[in-house]
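Counting from 1, the numbers follow the sequence of the chain as shown. When reading the values below, keep in mind they use all heavy atoms of this one structure, side chains included, and skip hydrogens, waters and symmetry mates. Not measured: the values here are computed from a predicted model.
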Amino acid sequence: MYLITNRYLCSYNRYLEVLEEASFSGVENIILREKDLKNDELKNLYFKIRERVNKETKIIINGNYEVFNSVDADGIHMPFDMFKNLKDKLEYKEKIIGVSTHNIEEIIEVKKYLVSYLIFSHIYETKCKFDLKPKGISLLKKAQSELNGCDIKLIALGGILPNNAKETLNYCDDIAVMSSIMESDNVKDTIKSFL
């Protein structure tokens, strides 16, 4: 399971607690997605999180190549346009490289490169994208088919809840969640309900 952070969904103290609890309850990858932070603020937050979470949990920096390199994070996650600009500069050795995709054409482009995973979104209705129509399971199936035979993991995102997670996992390698975990009062039970 991938957890995408959003510090606006809980208090600052609770934020670090949520990430720590999640890392010891089945979340293997944390995508640090705090896009409005300056580089030094993002670095400081990264190190605070690294201190608290399970050593096995991977921390992936979202959308900031400079911070990714300077803190020696486990990986970087990029929007598709950022990936297009950086794809020839990326060093793929032992680092997690993730890309956000929203259609089959983007998947076809990304799969030419040695990326670790791609996130396909958004699958179901979600309050984060209330004005956009969800992709639905049928398009997730097409994404899965397009990646058949590749070593790239397909991660589904958007409106994934405990009641649809099992069906969703039939058509992808893993799921990514934000609100359900970041807003949870009992992270361990929330994650258990997904798994």
Rounded to the nearest 0.5 Å, what separation is found between the [atom1] atom of [X] and the [atom2] atom of [Y]?
{"X": "Tyr8", "Y": "Glu183", "atom1": "OH", "atom2": "CD", "answer": "15.0 Å"}
{"X": "Ile60", "Y": "Met78", "atom1": "CD1", "atom2": "CE", "answer": "11.0 Å"}
{"X": "Lys192", "Y": "Asp189", "atom1": "NZ", "atom2": "CG", "answer": "6.5 Å"}
{"X": "Ile61", "Y": "Leu42", "atom1": "CD1", "atom2": "CG", "answer": "5.0 Å"}
{"X": "Cys10", "Y": "Asp185", "atom1": "SG", "atom2": "CG", "answer": "10.5 Å"}
{"X": "Leu19", "Y": "Leu45", "atom1": "CG", "atom2": "CG", "answer": "8.0 Å"}

Would you call [X] and [Y] a side-chain contact if the rule is heavy atoms closer than 4.5 Å?
{"X": "Ser184", "Y": "Val18", "value": "no"}
{"X": "Glu41", "Y": "Asn44", "value": "no"}
{"X": "Asn54", "Y": "Val27", "value": "no"}
{"X": "Met178", "Y": "Arg33", "value": "yes"}
{"X": "Phe80", "Y": "Glu109", "value": "yes"}

Between [X] and [Y], what is the shortest heavy-atom contact and its length?
{"X": "Ile152", "Y": "Val115", "answer": "CG1-O, 3.5 Å"}
{"X": "Ala165", "Y": "Phe194", "answer": "CB-CD2, 3.9 Å"}
{"X": "Gln144", "Y": "Asn170", "answer": "NE2-O, 3.4 Å"}
{"X": "Thr168", "Y": "Ala156", "answer": "CG2-CB, 3.7 Å"}
{"X": "Ile107", "Y": "Ala143", "answer": "CD1-CB, 3.5 Å"}
{"X": "Thr5", "Y": "Met182", "answer": "CA-SD, 4.0 Å"}

(request) Using the side chain to side chain contact (heavy atoms under 4.5 Å, CB included) rule, pick out the option among Leu140, Leu157, Val99 that qualifies with Phe120. (result)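 Answer after filtering Leu140, Leu157, Val99: Leu140.
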Heavy-atom donor-acceptor pair, [X] side chain to [Y] backbone, under 3.5 Å:
{"X": "Asn85", "Y": "Met82", "answer": "no"}
{"X": "Thr101", "Y": "Ile119", "answer": "yes"}
{"X": "Ser116", "Y": "Ile97", "answer": "yes"}

(message) Could you go through Asn29 and Ile96, starting from their C-alpha distance and side-chain angles, then the distance that decides it, and tell me whether this counts as side chain to side chain contact (heavy atoms under 4.5 Å, CB included)?
(response) CA-CA 10 Å; Asn29 303 280; Ile96 300 166; 4.2 Å; yes
(message) Please tell me whether Met1 and Leu161 are part of a single hydrophobic cluster in this structure, the criterion being side-chain heavy atoms less than 4.5 Å apart.
(response)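 Met1 does not cluster with Leu161.
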(message) Side-chain heavy atoms nearer than 4.5 Å, only ILVMFWY residues, links allowed to pass through others: does that put Leu32 and Leu37 together?
(response)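 Both belong to a single hydrophobic cluster.
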(message) List the residues meeting salt bridge (charged side-chain N to carboxylate O under 4.0 Å, His left out) with Asp36, not counting sequence neighbours, and say none if there are none.
(response)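 Salt bridge (charged side-chain N to carboxylate O under 4.0 Å, His left out) list for Asp36, sorted by chain: Arg7.
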By the salt bridge (charged side-chain N to carboxylate O under 4.0 Å, His left out) test, which pairs, at least two apart or in different chains, include something from [range]?
{"range": "residues 141-158", "result": "Lys111-Glu146"}
{"range": "residues 17-28", "result": "Arg14-Glu17, Arg14-Glu21, Glu20-Arg52"}
{"range": "residues 155-176", "result": "none"}

(request) Show your working on side chain to side chain contact (heavy atoms under 4.5 Å, CB included) between Leu118 and Leu154 and close with a plain yes or no. (result) CA-CA 5 Å; Leu118 55 85; Leu154 177 62; 3.5 Å; yes
(request) Quick one: which residue pairs count as a ring-ring contact (aromatic ring centres under 6.0 Å, His included) with a foot in residues 11-50, not counting sequence neighbours? (result)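 Matches after skipping sequence neighbours: none remain.
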(message) Quick test of your reading: applying side chain to side chain donor-acceptor pair (under 3.5 Å), list the pairs with at least one residue in residues 62-84, sequence neighbours left out, ordered by first then second residue.
(response)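 Counting only pairs at least two positions apart or across chains, the side chain to side chain donor-acceptor pair (under 3.5 Å) contacts touching residues 62-84 are Asn39-Asn64, Asn39-Glu66, Arg50-Asp74, Asp72-Lys95, His77-Ser100, His77-Tyr117.
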